[in-house]
There are 2 protein chains.
Amino acid sequence: MPDTLRTEERISTRRTLTDEVMEKVQQMVRCGELRAGKLYSVYQLAEALGISRSPVRDGLLKLEAAGLVGFERNRGFRVTVPSARQIVEIFAIRLALEPPAVARVAAHRDPAVAGRLRQTMAAMEKAAASLDEPSFWAHDQDFHNTILTAAGNSQAATVVRDLRERTRLIGPGTTTAARSLPAVAAEHRPVLDAIAAGDGVTASARMRAHLEATGRLLSAQTAAVPSDDPGVDALWRDIVG
Amino acid sequence: MPDTLRTEERISTRRTLTDEVMEKVQQMVRCGELRAGKLYSVYQLAEALGISRSPVRDGLLKLEAAGLVGFERNRGFRVTVPSARQIVEIFAIRLALEPPAVARVAAHRDPAVAGRLRQTMAAMEKAAASLDEPSFWAHDQDFHNTILTAAGNSQAATVVRDLRERTRLIGPGTTTAARSLPAVAAEHRPVLDAIAAGDGVTASARMRAHLEATGRLLSAQTAAVPSDDPGVDALWRDIVG
DNA sequence: GGGTCACATGTAGCATGTTACGTGTGACTA
DNA sequence: TAGTCACACGTAACATGCTACATGTGACCC
């Protein structure tokens with residue numbers, strides 16, 4: 001048995017239509033092609049994508065398990081956008097997981113990780129500068145995922161990734177968010193600097209600050225009603241503080 | 001429109017075969033009727049359950065999204081039992097989420113919560129005494145879920161519930177675990193006492209101790225190979241400490 | 001014996017058919 | 001006008017048909 005000729009990719013990982021549906025649906029939501037809260041049917045979506053109902057249903061069921069869509073018997077399904085409260089809860093979870101993780105990464109002093117983060121950082125800033133929101137969030141995703149994975153807890157990385165997919169569905173093209181993209185990007189650099197310096201405590205504190213800032217931005221954005229502004233603050237006190 | 005005659009349950013929540021499959025599969029794994037790691041097919045399971053392949057596949061796909069089973073193209077599916085490392089990672093997540101939550105609950109001093117926990121506690125001890133493992137873990141589940149929900153973070157409650165489902169699949173009938181059931185149950189009471197006393201700091205510390213003890217038990221149990229014992233300790237140092 | 005290779009077998013993935021049911025609509029009643 | 005109710009419509013849930021393919025087996029060659 002010659003074991004030269006190495007397979008360049010896991011064969012069983014061949015993309016399936018179900019996977020493509022999952023990705024496509026999320027992309028459609030982010031582009032505003034699918035509106036959150038509106039009722040759609042598997043029939044519609046299957047025809048729109050030019051495939052049969054099975055992989056569409058399969059993909060949507062998986063997304064349902066992740067909390068991204070909800071089915072209503074004999075009615076249809078809808079994309080479930082998280083409430084302001086849910087967003088705060090999600091960030092509370094991230095605040096519990098990510099600051100400690102970044103401290104561990106800083107302590108490791110692994111140049112490979114720092115290098116990768118630097119690369120991601122640059123790409124993120126570039127995307128922010130050109131207000132390319134999809135690209136920006138993808139790199140942001142990568143930044144946080146790299147840290148959690150490097151900290152040695154891939155389960156936590158998965159959990160955060162799933163939670164983050166939820167928050168990515170809000171405000172597809174909100175100018176408010178787009179305008180503050182460079183600001184959000186800027187919050188990452190101090191974290192990276194502290195990691196590179198091996199200063200875990202500072203890195204942790206900066207990550208915490210970044211998450212709180214981003215979380216407040218997103219939750220306030222969701223609670224679009226002006227009278228909800230104090231409500232959002234109260235939520236943060238209740239759930240995080 | 002008379003709104004007496006209130007519906008006693010959300011109509012759309014009518015149990016679907018897909019849901020029953022999900023529950024049944026987990027139960028079968030816990031009873032040893034399905035063995036982790038072994039290859040099964042949707043055909044087999046559908047026939048065994050006396051239903052068609054669709055709801056079986058649907059349920060398994062949802063479980064796959066939760067990380068409980070894995071499909072292999074044209075081969076079958078298998079129940080994925082977590083490795084020792086994954087168990088440690090899961091408990092690291094729980095250690096980040098539950099101690100702070102229990103501190104908040106203690107600070108609330110809500111008698112209703114305390115009452116409910118006392119009830120659960122009693123049921124858990126009873127199940128432990130009669131070595132009824134399924135019942136025991138169900139009540140344990142309820143105990144932790146009540147705390148996280150009462151702490152105001154239902155998203156965290158969901159996350160922990162999903163993580164916990166994973167660890168529930170290991171060792172269906174391991175005598176080692178069954179023997180230590182009363183011990184695990186006993187660890188809960190001090191937590192409850194601290195909550196009732198409104199002592200958040202103590203409650204938090206006790207919850208931490210409980211999670212570490214349970215986590216070490218489960219991870220050591222999974223790493224059945226004797227030479228892995230030091231490995232498990234190393235994992236805990238790496239991931240948690 | 002060690003290696004290849006054609007083939008039977010069983011499966012996930014995908015497509016399509018069927019059924020029960022939640023909902024909106026509009027006629028009908030009082 | 002306000003309430004009810006029969007009915008058409010669209011849908012998820014469920015059942016079944018079809019296909020490409022990953023694998024094990026055994027014949028075949030060197």
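Chain letters run A, B, ... following the sequence lines, proteins first, then strands; residues in each count from 1.
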Checklist entry - Bend angle of the helix from dG1(C)-dC30(D) to dA30(C)-dT1(D) from five-pair axes at both ends, rounded to 10°? => result 0°
Checklist entry - Could you state the OH-C1' distance from Tyr43(A) to dC14(D), rounded to the nearest angstrom? => result 11 Å
Next on the checklist: Any heavy-atom pair between the side chains of Arg216(A) and Val232(A) that's under 4.5 Å?
Outcome noted: no
Item to check | Gln44(A) side chain near dG10(D) phosphate (N/O to OP1/OP2, under 4.0 Å) | outcome: no
Checklist entry - So, Arg161(A) versus Gln141(A): side-chain donor-acceptor pair below 3.5 Å or not? => result no
Checklist entry - Taking CZ from Arg75(A) and P from dC9(D), how many angstroms apart are they, rounded to a whole number? => result 18 Å
Checklist entry - dA22(D) C1' sits how many Å from Arg78(B) CZ, rounded? => result 13 Å
Checklist entry - What is the distance from CZ of Arg73(B) to C1' of dT9(C), rounded to the nearest Å? => result 17 Å
Checklist entry - Any side-chain heavy atom of Met28(A) sitting closer than 4.5 Å to one from Arg35(A)? => result no
Next on the checklist: Given the ring of Tyr40(A), does Arg78(A) sit roughly above its face, with NZ or CZ under 6.0 Å from the centre of the six-membered ring and within 45° of the axis?
Outcome noted: no
Next on the checklist: Once you apply a heavy-atom cut-off of 4.0 Å, does Phe77(B) come out as touching a base, just sugar-phosphate, or nothing?
Outcome noted: sugar-phosphate
Checklist entry - Do any pairs count as a side chain to side chain donor-acceptor pair (under 3.5 Å) and have a residue in residues 81-90 of chain B, sequence neighbours left out, and if so which ones? => result Ser154(A)-Glu89(B), Arg85(B)-Glu89(B)
Checklist entry - For DNA chain C, whose closest nucleotide is more 5', that of Leu61(B) or that of Asn74(A)? => result Leu61(B)
Next on the checklist: Does atom CD (Glu47(B)) have a neighbourhood of more than 12 heavy atoms from anything else shown, all under 6.0 Å?
Outcome noted: no
Checklist outcome for this item: When rounded to whole Å, the OH to P distance for the pair Tyr40(B) and dG10(C) reads 18 Å
Next on the checklist: Between Lys24(B) and Glu20(B), does any NZ, NE, NH1 or NH2 come within less than 4.0 Å of an OD or OE carboxylate oxygen?
Outcome noted: no
Checklist entry - Atom CZ of Phe71(A) to atom C1' of dC14(D): distance rounded to whole Å? => result 14 Å
Next on the checklist: I need the residues from residues 48-60 of chain A with at least one non-hydrogen atom less than 4.0 Å from DNA chain D; give them sorted by number, or say none.
Outcome noted: Arg53(A), Arg57(A)
Next on the checklist: Please tell me if Thr18(A) has a side-chain N or O lying less than 4.0 Å from either OP1 or OP2 of dC14(C).
Outcome noted: yes
Item to check | Gln119(B) atom CD: more than 12 heavy-atom contacts under 6.0 Å | outcome: no
Item to check | Rounded distance (Å) that lies between atom P of dG24(C) and atom CD of Glu72(A) | outcome: 11 Å
Next on the checklist: Any base atoms under 4.0 Å from Glu64(A), or only sugar-phosphate, or nothing? Heavy atoms, all strands.
Outcome noted: nothing
Checklist entry - Should the pair Arg116(A)-Asp142(A) be classified as a salt bridge under the 4.0 Å nitrogen-to-oxygen rule? => result yes
Checklist entry - Quick one: is Ser41(B) getting a side-chain N or O under 4.0 Å of the dT11(C) phosphate, OP1 or OP2? => result yes
Checklist entry - Roughly how many Å is it from NZ in Lys38(B) to C1' in dG10(C), rounded to a whole number? => result 14 Å
